[in-house]
Trainee: 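Mind having a look at this structure? Questions to follow.
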Amino acid sequence: MPQILKLNEISPVADKQFPAGYTFSKDAKNPDGIMLRSFNMHEYPLNDELLAVARAGAGTNNIPIPACTEKGIVVFNTPGANANAVKELVICELFLGGRKITDAIDWVKTLKGTEGVGKAVEKGKSKFVGHEISGKTLGVIGLGAIGVMVANTAVDLGMNVVGHDPYLSVAGALHLDNRVKTADLETLVKTSDFITVHVPLTPDTEKMFNADTFAKMKDGAVLINNSRGELVDTAAVLAAVESGKLERYITDFPSDELIGVPNVICVPHLGASTPEAEDNCAEMAAKELVDYIENGNITHSVNFPDVCAPRTTPARIAVMHNNVEGVISKVTSVISENGINIANIIDKSKKDKAYMIVDLDADVPEKVVKAIESFDSVIRVRVFR
């Protein structure tokens, strides 16, 4: 029966999603699936039986995706499962960016033991005058599940919201409040009083906030980064804060260079640190693993296309392959040559990789499976009966 290895502590909600007979533990030796949160898998051995890795969260930079892809291992994440938790933190940080709340709290702590604290507070509070967020412009870069929720909430708080996302999905667009305007990235950067970034770390987004970006921003703008620390050039952000170009930099990714710097607020990676978010992520990740192991269905994969279909026939073949010409015809030909009717076929690609589900009206002989596995462009074949 399937073994699922957990490389981090996972919410017990996940246990309830695995059918009877599954083993879900830290001791699985040759797992069929792996579930993790922040564990660094880059030096972790990938056993031959491993079918899938599920990250209970959105970011997957702790997983060796190229190595997994070449071995035909699906990497799942859980987009949207922790969206509300991150949204609430971002909204909190908007207020922290507008008002000097953290500085004021730290100052009040120094008054412990002072005679006449009330008078001291009234005398000193003028040092911490801030400004309201209502009527200000918020730029939201990345309109995925989190970005859309942040944008919609900020509109309800009275902010003018501008969003940017060249890859905005249909679902994202449908959920976006019609009061949110969209703009190109340069316009957003130039016009926003606050900017919050919600994009993955890729070669294209690494250090997207650099000296040139800060030069285009409004004087006294606030930047909020709850996505990845590497999206921001640390030296450039420190210079921008020191010069006053940035009034505040707020990040959920502290570094030694940022900690203790005036007008830099470092939050200890609390974005998804709520029991509700951890439960949601664990449940979604477990369901993704089970559906793939049991049915070959892929949902929310970062390295293979999403391909799902209900099981309605006696047998199913799932084929991972390189996205090259002729694979579909080779697979269907060898099936037809053996007198098996194809009831349904779905094939989708994601960059240079593709995934095919073929539902059959009869069981499939082992020789057919071996023939498909022998094709040069095929990475992995699985049969479901």
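Quick note: residue numbers are just sequence positions, from 1.
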Trainee: Taking the side chain as every heavy atom from C-beta outward, state whether Ile265 and Glu93 have any atom pair closer than 4.5 Å.
Mentor: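 SC-SC contact between Ile265 and Glu93 ruled out.
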
Trainee: Examine Tyr249 and Leu96 and state if one hydrophobic cluster contains both, with Ile, Leu, Val, Met, Phe, Trp and Tyr joined whenever side-chain heavy atoms are less than 4.5 Å apart.
Mentor: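 No, no single cluster joins them.
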
Trainee: Does Glu294 offer a backbone N or O that forms a donor-acceptor pair with the side chain of Arg311 under 3.5 Å?
Mentor: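 Between the backbone of Glu294 and the side chain of Arg311 there is a qualifying donor-acceptor contact (under 3.5 Å).
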
Trainee: Using the rule that two of Ile, Leu, Val, Met, Phe, Trp, Tyr join whenever any of their side-chain heavy atoms come within less than 4.5 Å, decide whether Ile141 and Leu231 are in one cluster.
Mentor: yes

Trainee: Evaluate side-chain contact (heavy atoms from CB on, under 4.5 Å) for Arg37 paired with Arg55, printing each intermediate quantity in order.
Mentor: CA-CA 6 Å; Arg37 293 170 61 206; Arg55 162 80 160 92; 4.2 Å; yes

Trainee: Go through Ile34 and Met41 one step at a time and tell me if the side-chain contact (heavy atoms from CB on, under 4.5 Å) criterion holds.
Mentor: CA-CA 10 Å; Ile34 290 176; Met41 278 192 66; 4.0 Å; yes

Trainee: Taking Ile91 as the starting point, is it possible to reach Val140 by hopping between hydrophobic residues whose side chains are less than 4.5 Å apart?
Mentor: yes

Trainee: Counting distance only, does the side-chain N/O of Arg228 pair as donor-acceptor with the main-chain N or O of Phe253 below 3.5 Å?
Mentor: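 No; zero donor-acceptor contacts below 3.5 Å.
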
Trainee: Suppose we screen for ring pair (Phe, Tyr, Trp, His ring centres under 6.0 Å). Which residues come up paired with Phe18, at least two apart in sequence or across chains?
Mentor: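 If we apply the ring pair (Phe, Tyr, Trp, His ring centres under 6.0 Å) test to Phe18, skipping adjacent residues, the hits are Tyr22, Phe24.
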
Trainee: Backbone N or O of Asp361 within a donor-acceptor pair of the Asn341 side chain at under 3.5 Å?
Mentor: no

Trainee: Side chain of Ser243, backbone of Ala240: donor and acceptor closer than 3.5 Å?
Mentor: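 Judged by distance alone, yes, a pair lies under 3.5 Å.
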
Trainee: Donor-acceptor pair, distance only, cut-off 3.5 Å: does the side chain of Thr205 make one with the backbone of Pro200?
Mentor: yes

Trainee: Between Asp156 and Thr153, is a side-chain hydrogen bond (donor to acceptor under 3.5 Å, both in side chains) present by the stated rule, with each step listed?
Mentor: CA-CA 5 Å; Asp156 288 336; Thr153 302; 5.8 Å; no

Trainee: Can you find a heavy atom in the side chain of Asp15 that is under 4.5 Å from one in the side chain of Ile10?
Mentor: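 No. Closest side-chain heavy atoms not under 4.5 Å.
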
Trainee: Counting distance only, does the side-chain N/O of Asn82 pair as donor-acceptor with the main-chain N or O of Ala277 below 3.5 Å?
Mentor: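 Checking the backbone N and O of Ala277 against the side chain of Asn82, no donor-acceptor pair under 3.5 Å is found.
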
Trainee: Please test Asn84 against Glu88 for side-chain hydrogen bond (donor to acceptor under 3.5 Å, both in side chains), starting from the C-alpha separation and ending with a verdict.
Mentor: CA-CA 6 Å; Asn84 188 70; Glu88 289 186 0; 3.1 Å; yes

Trainee: Checking side-chain polar atoms at under 3.5 Å, does His321 have a donor or acceptor matched by the opposite partner on Asp347?
Mentor: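 His321 vs Asp347: donor-acceptor pair found between side chains.
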
Trainee: Between Ser192 and Ile195, which heavy-atom pair has the shortest distance, and what is it?
Mentor: CB-CG1, 3.6 Å

Trainee: Taking atom types as modelled, is there a side-chain donor on Asp291 or Asn297 under 3.5 Å from an acceptor on the other?
Mentor: yes

Trainee: What I'd like to find out is whether the side chain of Ile335 reaches to under 4.5 Å of the side chain of Ile317, using heavy atoms alone.
Mentor: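 Yes - at least one pair of side-chain heavy atoms lies under 4.5 Å apart.
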
Trainee: Are Val161 and Leu185 connected, step by step, through hydrophobic side chains (Ile, Leu, Val, Met, Phe, Trp, Tyr) whose heavy atoms are closer than 4.5 Å?
Mentor: no

Trainee: Indicate the atoms forming the closest heavy-atom contact of Ala343 with Thr313, along with that distance.
Mentor: CB-CG2, 3.7 Å

Trainee: Is there a donor-acceptor pair closer than 3.5 Å between any side-chain N or O of Asp252 and the backbone N or O of Leu270?
Mentor: yes

Trainee: Could you check if a side-chain atom of Asp103 sits within less than 4.5 angstrom of a side-chain atom of Lys127, using non-hydrogen atoms only?
Mentor: no

Trainee: Return yes if a side-chain donor-acceptor contact under 3.5 Å exists between Asn160 and Lys136, otherwise no.
Mentor: no

Trainee: Sequence neighbours left out, what passes ring pair (Phe, Tyr, Trp, His ring centres under 6.0 Å) with Phe214? Give chain and number order.
Mentor: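 With sequence neighbours excluded, Phe214 shows a ring pair (Phe, Tyr, Trp, His ring centres under 6.0 Å) to no residue whatsoever.
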
Trainee: Kindly assign one of parallel, tilted or perpendicular to the pair Tyr292 and Phe76, based on the angle between their ring planes and the thresholds 30° and 60°.
Mentor: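 Correct class here is perpendicular.
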
Trainee: Taking atom types as modelled and ignoring hydrogens, do the side chains of Asn61 and Glu230 form a donor-acceptor contact shorter than 3.5 angstrom?
Mentor: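 The criterion, which ignores hydrogens and geometry beyond distance, is not satisfied for Glu230 and Asn61.
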
Trainee: For a side-chain contact (heavy atoms from CB on, under 4.5 Å) check, start with the C-alpha distance between Thr69 and Lys350, then their side-chain angles and the critical distance, and finish with the verdict.
Mentor: CA-CA 11 Å; Thr69 304; Lys350 190 167 192 173; over 6 Å; no

